J.: 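One structure, pasted below without further comment.
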Amino acid sequence: ELGRLDGLVGRLIELSKIENRHAVFDHRAVDVADIVADALASFEAIKFGGDVDLRVELEPNLTVLGDRAALAQAVGNLLGNAWKYTPTQGKKIDIVAVADAKRVSIAVTDNGDGIPRPEQEEIFDKFRRGAAAKQRGSLGSGLGLAIVRAIVDAHHGKVDVKSDGSHGARFRILLPRCQKTT
């Protein structure tokens, strides 16, 4: 319990620094493939050898201006949630990154229980967890998605969720695209 409390306090401090603009981000051109690779590396530790049908589809040469570690943490939080809230058997998670002329979209989609519409906005608030998470008794503090939103906001982006409320969810991070200079 002490370790869990220590982790909670650390996440609260981190979130507070980001929200109050005291966090220092290293804004530079970063390849989205590197962000996703870092997130996947941390995801390996989360899933601890568990089975998942993981599909990664990245449009080539996508670049954003941002802090690689922070953005990888945001994507990693989405992957962790997708893992946690999908059935033990038949887990499917997709990561897809595409872009238009102005924005890059990084989407994490799962085949979990879905998120009812009334909960879709409030799950990004501190300490908010969806009803399915509470019913399952899964561990969590309700800070992961708040941290995702704070990181994305600090990068002048947006995060949203789409779910029909009964099956699966797609979380999408939208960030301004930048042209990589060589």
Side-chain angles (χ1 to χ4, degrees), residues 11 15 18 30-60 62-64 66-100 103-117 119-125 128-130 132-133 136 138-177:
R11 290 171 66 98
L15 179 57
I18 297 168
V30 59
D31 195 315
V32 171
D34 293 336
I35 293 167
V36 171
D38 292 351
L40 287 170
S42 68
F43 178 62
E44 282 300 317
I46 292 168
K47 73 181 191 81
F48 196 62
D51 266 350
V52 62
D53 179 4
L54 181 66
R55 182 178 69 93
V56 179
E57 188 177 310
L58 309 176
E59 194 174 295
L62 296 182
T63 306
V64 296
D67 186 287
R68 178 176 169 170
L71 292 171
Q73 178 185 359
V75 174
N77 282 3
L78 297 180
L79 283 168
N81 278 0
W83 173 261
K84 190 186 314 186
Y85 299 115
T86 55
T88 304
Q89 299 298 318
K91 285 183 186 282
K92 291 183 182 181
I93 301 172
D94 294 340
I95 305 171
V96 177
V98 296
D100 60 24
R103 298 187 309 179
V104 172
S105 165
I106 305 169
V108 176
T109 306
D110 65 54
N111 66 329
D113 296 331
I115 303 163
R117 286 203 196 286
E119 295 179 8
Q120 290 181 18
E121 280 304 311
E122 65 186 31
I123 59 173
F124 291 100
D125 295 339
R128 293 293 184 119
R129 300 180 69 219
R136 269 195 173 161
S138 59
L139 294 176
S141 61
L143 291 176
L145 291 176
I147 290 172
V148 170
R149 182 176 62 188
I151 290 170
V152 172
D153 285 351
H155 286 81
H156 310 291
K158 293 180 115 179
V159 61
D160 62 27
V161 61
K162 183 177 182 181
S163 175
D164 67 7
S166 64
H167 181 34
R170 183 211 65 199
F171 285 85
R172 181 177 64 164
I173 295 172
L174 294 165
L175 297 166
R177 185 174 189 175

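Quick caveat, the model's predicted, so the values are computed rather than measured.
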J.: Mind checking the CD-NZ spacing from Gln89 to Lys91? Nearest 0.5 Å is all I need.
T.: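 With rounding to 0.5 Å, CD (Gln89) is 9.5 Å from NZ (Lys91).
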J.: Taking Gly80's backbone N and O only, do any of them form a donor-acceptor pair with Asn77's side chain (distance below 3.5 Å, no angle check)?
T.: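 Not at all, since once roles are kept as given, no pair shorter than 3.5 Å links the two residues.
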J.: Gly76 and Ser42: which non-hydrogen atoms are nearest, and at how many Å?
T.: CA-OG, 4.4 Å
J.: With no hydrogens and no angle check, is any side-chain donor or acceptor of Asn111 less than 3.5 Å from a backbone partner on Lys92?
T.: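 Yes; judged by distance alone, with no hydrogens or angles, the pair exists.
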J.: When you measure from the side chain of Arg103 to the backbone N and O of Arg177, does any donor-acceptor pair fall under 3.5 Å?
T.: no
J.: Looking at every non-hydrogen atom in both residues, tell me the closest pair between His155 and Ile151 and how far apart they are.
T.: ND1-O, 2.8 Å
J.: Taking the side chain as C-beta and beyond, is there a heavy-atom pair between Val108 and Asp94 under 4.5 Å?
T.: no
J.: Could you check whether any side-chain heavy atom of Asp53 comes within less than 4.5 Å of a side-chain heavy atom of Ile93, counting everything from C-beta outward?
T.: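 Counting from C-beta outward, Asp53 and Ile93 never come under 4.5 Å.
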J.: Determine yes or no for a side-chain-to-main-chain donor-acceptor pair under 3.5 angstrom, with Ser105 supplying the side chain and Leu174 the backbone.
T.: no
J.: Output yes when a side-chain donor or acceptor of Thr109 lies under 3.5 Å from a complementary backbone atom of Arg170, and no otherwise.
T.: no
J.: When rounded to the nearest 0.5 angstrom, what distance separates CD1 in Ile106 from CG in Leu62?
T.: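 The distance works out to 8.0 Å.
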J.: Could you pull out the closest heavy-atom pair between Ala97 and Val32, with the gap in Å?
T.: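 Shortest heavy-atom contact: CB-CG1, 3.9 Å.
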J.: With sequence neighbours left out, write down each residue that passes side-chain contact (heavy atoms from CB on, under 4.5 Å) with Asp38, or none if nothing qualifies.
T.: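 Arg68, Ala72.
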J.: Can you list everything that forms a salt bridge (charged side-chain N to carboxylate O under 4.0 Å, His left out) with Arg117? Sequence neighbours excluded, please.
T.: none
J.: Where do Gly66 and Leu71 come nearest, in terms of heavy atoms and distance?
T.: CA-CD1, 4.1 Å
J.: So does Glu121 have more than 12 non-hydrogen atoms from other groups sitting under 6.0 Å from CD?
T.: no
J.: If you compare all heavy atoms of Ile115 against all heavy atoms of Gln120, which two are closest, and at what distance to 0.1 Å?
T.: O-NE2, 2.8 Å
J.: Measure the OH-CG distance between Tyr85 and Asp110 for me, rounded to the nearest 0.5 Å.
T.: 11.0 Å
J.: So how far is it from Ile35 CD1 to Leu175 CG, rounded to the nearest 0.5 Å?
T.: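 Interatomic distance, Ile35 CD1 to Leu175 CG, rounded to 0.5 Å: 7.0 Å.
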J.: Nearest 0.5 Å, what's the CZ-CG distance between Phe171 and Asp160?
T.: 9.5 Å
J.: State, to 0.1 Å, how close Phe43 and Leu54 come at their nearest heavy-atom pair, and which atoms those are.
T.: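 Nearest pair, atom of Phe43 first, then Leu54: CE2-CD2, 4.4 Å.
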J.: So, taking the atom named CD1 in Ile95 and the one named CG in Leu78, what distance separates them when rounded to the nearest 0.5 Å?
T.: 9.5 Å
